J.: 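I'd like to ask some things about the structure below.
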Amino acid sequence: MDAPGRDFVPHIPRLRRYARALTGERTRADDLVQDTLERALIKLHLWQPGSDMRAWLFTLMHNVFINQLRAQSARSTVELDDEAAQVAVRPTQTDGLEVRDLQAALLRLPEEQREVLLLVGLDRMTYEETAGVLGIPVGTVMSRLSRARERLRGLLAGGAVPAALKVVK
Amino acid sequence: MSQIPVIEAELHAYIDGLLPAERRAEVEAYLAAHPEDAQRTRAWREQNQALHAWFDPVLAEALPARVRRSTRLRRMPPALRYAAVAVWFALGGVAGWYLHAYNTVQSAAGIAFAREAVIAHAVYSPEVRHPVEVGADQEAHLVAWLSKRLGATLKVPQLQRVGYQLVGGRLLPGNQGPVAQFMFQDGNGRRLTLYVRRGARDSSETAFRFAQERGVGVFYWLDGKFGYALSGEIDKAALLRVAEAVYQQLNP
């Protein structure tokens with residue numbers, strides 16, 4: 001194995017782009033990238049030379065992301081629930097509150113749908129690659145993709161899908 | 001119009017550029033006849049474009065220093081790094097990735113030694129900036145220092161003949177006291193490590209033994225005075241060739 005950290009470098013910009021879209025925040029995104037790269041270094045001997053390093057790194061990032069979500073939801077009922085609480089308390093107030101930008105709309109998708117949408121739409125992975133990265137069947141990729149795109153379409157059109165309040169940071 | 005009905009998944013594949021070419025015309029014909037689906041797929045295509053427009057600028061951003069640093073294992077203090085890998089290997093064992101011993105008769109101590117060597121290899125061979133404590137440019141000092149710490153005169157094999165140059169070495173804590181690790185590198189930057197400890201009092205000479213853990217192969221042997229383990233991610237035959245060169249030089 002030759003100076004493997006170097007092998008990661010060409011993939012970092014795409015990892016960052018994905019992390020940014022996934023988390024919606026620069027700092028959190030870079031935390032995610034950093035945690036992923038550290039894990040990758042420790043696990044590098046598991047990477048099979050000749051296999052797709054990008055897919056491997058995205059798989060690690062997915063796992064780190066999921067673990068962070070679990071840790072957060074286990075730990076906090078305050079900060080995290082802000083968003084959920086607003087949605088729950090006022091679910092029917094759909095009076096034209098527009099989602100102002102794509103990022104905000106993405107954050108309104110469930111994480112599992114957001115991941116699929118981004119891996120396919122932004123990272124241009126095939127459905128099989130996406131299934132591999134997320135560890136789910138291709139059929140599940142397709143159904144999540146379909147739901148994500150329809151939901152996003154509704155959010156961006158400000159219409160069909162119930163729009164909750166804008167997430168306040 | 002097509003005989004085979006167009007399904008939703010094909011509409012996605014169509015805009016993602018993943019539809020087989022022979023099906024393209026049929027999907028387009030279908031969309032021409034179904035304006036509502038055509039409108040949906042157009043919106044999806046615009047979503048893809050919007051994602052790129054929105055997030056592609058991230059690709060061009062300079063990497064924050066902390067992210068760049070995280071491509072190097074040395075971010076963690078050495079003890080922690082060591083622990084991280086050791087823990088990982090331990091978990092791996094639980095999950096079923098155990099160090100697979102090929103010889104039927106192997107002492108538990110021998111396997112433990114090989115495992116230590118593989119872990120040390122996994123920790124230090126990826127190092128970019130600090131793979132060794134003392135570099136090959138100070139080889140005499142390196143050998144004198146490690147000999148003193150191990151309490152026996154060490155020799156460093158010259159492996160140029162089999163394609164490897166000495167990078168340098170470091171001192172490590174082994175289960176039975178100090179251990180020396182020498183690192184070698186070939187022209188492609190592939191690294192091997194030779195892990196050397198003092199022989200246990202009861203140990204005699206042994207044949208080469210081979211073990212492997214997910215890509216890291218290790219040949220190890222005892223020659224009475226020292227125990228040696230040569231680790232690397234090269235194939236078994238190539239590793240054996242180097243191990244033999246090491247053995248011949250250290251046991252003339």
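It should be emphasised that the depicted structure is a prediction, and the values quoted were computed from it without experimental measurement. Chain letters run A, B, ... following the sequence lines, proteins first and then strands; every chain starts at 1.
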J.: Is it the case that B:R23 places NZ or CZ above or below the six-membered ring of B:Y14, under 6.0 angstrom from the centre and within 45 degrees of the axis?
T.: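 Negative - B:R23 is either too far from the ring of B:Y14 or too far off its axis.
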
J.: Among B:L63, B:D16, B:L11, single out the residue with the greatest number of heavy-atom pairs under 4.5 Å to chain A.
T.: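 With the most close heavy-atom pairs to chain A, the winner is B:D16.
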
J.: Check the pair B:F219, B:Y228 against ring-ring contact (aromatic ring centres under 6.0 Å, His included), reporting the backbone distance first and the verdict last.
T.: CA-CA 8 Å; B:F219 274 103; B:Y228 298 96; over 10 Å; no

J.: Using heavy-atom distances under 4.5 Å, tell me whether B:D56 contacts chain A through its side chain, its backbone, both, or neither.
T.: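 Backbone plus side chain of B:D56, per the 4.5 Å heavy-atom cut-off to chain A.
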
J.: Below 4.5 Å from any heavy atom of chain B, which atoms of A:Y127 appear? Answer side chain, backbone, both or neither.
T.: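 The answer is both parts of A:Y127.
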
J.: Chain A heavy atoms under 4.5 Å from B:L59: which part of the residue, side chain, backbone, both or neither?
T.: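 Backbone plus side chain of B:L59, per the 4.5 Å heavy-atom cut-off to chain A.
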
J.: Could you tell me whether B:R190 and B:E233 have a side-chain N and a carboxylate O separated by less than 4.0 Å?
T.: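 Looking at B:R190 and B:E233, the cut-off is not met.
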
J.: With a 4.0 Å cut-off on N to O distance, would you call B:R40 and B:D37 a salt bridge?
T.: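 Result for this pair is yes, salt bridge flagged.
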
J.: Picking from A:R17, A:R26, A:R149, which has the most non-hydrogen pairs under 4.5 angstrom with chain B?
T.: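 Heavy-atom pairs under 4.5 Å are most numerous for A:R149.
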
J.: Checking B:Q49 against chain A: side chain, backbone, both or neither under 4.5 Å from a heavy atom?
T.: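 For B:Q49, there is no contact with chain A at all, as no heavy atom is under 4.5 Å.
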
J.: Is B:R42 salt-bridged to B:E46, going by a charged N under 4.0 Å from an acidic O?
T.: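 Between B:E46 and B:R42 there is no salt bridge, as every charged N stays at least 4.0 Å from the carboxylate O atoms.
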
J.: Between A:G121, A:A29, A:P13, which residue shows the highest count of heavy-atom pairs closer than 4.5 Å to chain B?
T.: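 Highest number of pairs under 4.5 Å: A:G121.
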
J.: Pick one of side chain, backbone, both or neither for A:L15, based on which atoms fall under 4.5 Å of a heavy atom in chain B.
T.: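 The answer is neither part of A:L15.
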
J.: Taking atom NE2 of A:H11 and atom CZ of A:R16, what is their separation to the nearest 0.5 Å?
T.: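 The distance works out to 16.0 Å.
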
J.: Check each atom of B:A60 against the heavy atoms of chain A and say whether the ones under 4.5 Å are side chain, backbone, both or neither.
T.: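 For B:A60, there is no contact with chain A at all, as no heavy atom is under 4.5 Å.
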
J.: Between A:E129 and A:R124, does any side-chain N to carboxylate O distance fall below 4.0 Å?
T.: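 Here A:E129 does not pair with A:R124 in a salt bridge, since their nearest N and O are not under 4.0 Å apart.
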
